[in-house]
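These notes concern the structure reproduced below.
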Amino acid sequence: MKFQKGKKLKKLGRNSPCPCGSGLKYKKCCLRKEKQVGNTKNLYFRKHKIRLKGEKDIEGIRKAGRLVLETLDLAESSIRPGMTTDEINTLIHDFTIKNNARPAPLNYRGFPKSTCVSVNEVICHGIPGKRILNDGDIVNVDVTSVLDGYYADANKTFFVGEPGTDAKKIVEVSKESMKLGISMVRPGNTIGDIGWAIQDYAEERDCSVVREFVGHGVGFEFHESPQVPHYGIRGDGIVLVSGMVFTIEPMINLGGKELQVLGDKWTAITLDGSLSAQFEQTVLVTEDGFESLTPYE
Ligand code: MF3
Ligand code: CO
Ligand code: CO
């Protein structure tokens, strides 16, 4: 702070003119807003264990988000028939470290690798290994990076070589359902509105929505409150307020919604062996809608 000679710095009082220049008293303008923000923050933590994010946090998550998207681009440009899922893991691990970040999955609750790679009937949490990608496969790559202490989480499903009709359909439906879910995000809408939009669309296209895995708050930690189901009832659940950051990541199956977790305790596959696809973004609730912190088309 530099002091101007002769000018006495006036303390900002409740009755001072608001520094925002509205012409109103501070207490009737920005002080009131600041108190509201503070109250909501406390209320949402007390009631829902949701930690609302401030400007600095949001910038941190945005930055982590940019890295996550670059990482997904790297994966996409490397994927080809004949490669193993472990090669994707190595690429992602090395790129993350090179960019001064940490791959959140590594050692998370015992997960042994730096990313999840889920092929065809694998719904999610595929452990990278010796499985070879074949022409016509679909492969989901899920990247969560921690940069300067902030987490961003996103995934995409890619085609390996030339996709067949089923592969094209499930990838399109899962991507569109994520977009529809995101489009419901605005203050005043509820968590249930998001799940409802996704389920309504996916089932209309004769696909099914996985129930066991949900979107989640993210930013300070990998998985925070709230849970964000990809099915539900309009108007149900927690009311969205600005400063909330969570993922929307519907897992959509071509057949039934039932799943099975393999003996490795992670890999979730469709019980009927049908294809499953997923897209995920990390989304911020803004004053008038949403901003994706991992934006892609
Ligand atoms: N990235 C996944 C998600 O979207 C979580 C993976 S947990 C892990 O929530 F341990 F498998 F990495
Ligand atoms: Co997630
Ligand atoms: Co993820």
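All ligand and atom numbering here is 1-based and tracks the order in the structure. Here, residue 1 is the first one in the sequence, and each next residue gets the next number.
- At least one heavy atom of His223 sits less than 4.0 Å from an atom of ligand 1.
- The shortest contact between atom 12 (F) of ligand 1 and any protein heavy atom is with Pro105 CB, 3.1 Å.
- The neighbour count for Gln227 CD, taken as heavy atoms of other residues, nucleotides or ligands under 6.0 Å away, does not exceed 12.
- Every atom of ligand 1 is numbered from 1 in the order shown, and the set under 4.0 Å from a heavy atom of His125 is 5 (C), 6 (C), 11 (F).
- One side chain, Ser274 or Asp272, offers a donor N or O that lies under 3.5 Å from an acceptor on the other.
- Residue contacts with ligand 1 leave out Phe213, since none of its heavy atoms falls under 4.0 Å from the ligand.
- Note: no N/O pair closer than 3.5 Å links Tyr108 and ligand 1 by distance alone.
- For the pair Arg205 and Glu176, the salt-bridge criterion is not met [side-chain N within less than 4.0 Å of a carboxylate O].
- Note on ligand 1: Thr144 sits in its first shell, one or more heavy atoms being nearer than 4.0 Å.
- Salt bridge annotation for Glu162-Arg80: absent, with no cationic side-chain nitrogen under 4.0 angstrom from a carboxylate oxygen.
- Close approach of ligand 1 to Glu280 (heavy-atom distance below 4.0 Å) involves ligand atoms 4 (O).
- At the top of the distance list for atom 1 (N) of ligand 1, counting protein heavy atoms only, stands Asp142 OD2, 3.0 Å.
- Between Lys49 and Glu224 there is no salt bridge, since no side-chain N of the basic residue sits under 4.0 Å from a carboxylate O of the acidic one.
- Phe213 and His125 have their aromatic ring centers within a separation under 6.0 angstrom.
- Considering both main-chain and side-chain atoms, Glu249 comes within under 3.5 Å of ligand 1 through a nitrogen or oxygen pair.
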*Apply salt bridge (charged side-chain N to carboxylate O under 4.0 Å, His left out) to Glu121 and Arg131, showing your working.*
CA-CA 13 Å; Glu121 76 289 351; Arg131 183 164 179 169; 3.3 Å; yes
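- The Co ion (ligand 2) lies under 2.8 Å from an N, O or S atom belonging to His216.
- Within ligand 1, counting atoms from 1 as listed, the ones closer than 4.0 Å to a heavy atom of Trp266 are 8 (C), 10 (F), 11 (F).
- Protein heavy atom nearest atom 3 (C) of ligand 1, with residue, atom name and distance: Asp153 OD2, 3.4 Å.
- Listed by chain and number, Asp142 OD1, Asp142 OD2, Asp153 OD1, Glu280 OE1 are the protein N/O/S atoms closer than 2.8 Å to the Co ion (ligand 3), with waters left out.
- For Asp94, there are no side chain to side chain donor-acceptor pair (under 3.5 Å) partners, not counting sequence neighbours.
- Arg234 has no carboxylate O lying under 4.0 Å from a charged side-chain N of Asp200, or vice versa, which leaves the two without a salt bridge.
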Would you give me the side-chain donor-acceptor pairs under 3.5 Å for residues 100-112, sequence neighbours excluded?
unit_1 : atom_1 : unit_2 : atom_2 : d
Arg102 : NH2    : Tyr151 : OH     : 3.1
Tyr108 : OH     : His223 : ND1    : 2.6

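- Which parts of ligand 1 touch His216 is read off a 4.0 Å heavy-atom cut-off, strictly below it: atoms 3 (C), 4 (O), 9 (O).
- If you chain together ILVMFWY residues whose side-chain heavy atoms come under 4.5 Å of each other, Ile97 ends up in a group of its own.
- The pair Asp148-Lys63 meets the salt-bridge criterion, since a charged nitrogen lies less than 4.0 angstrom from a carboxylate oxygen.
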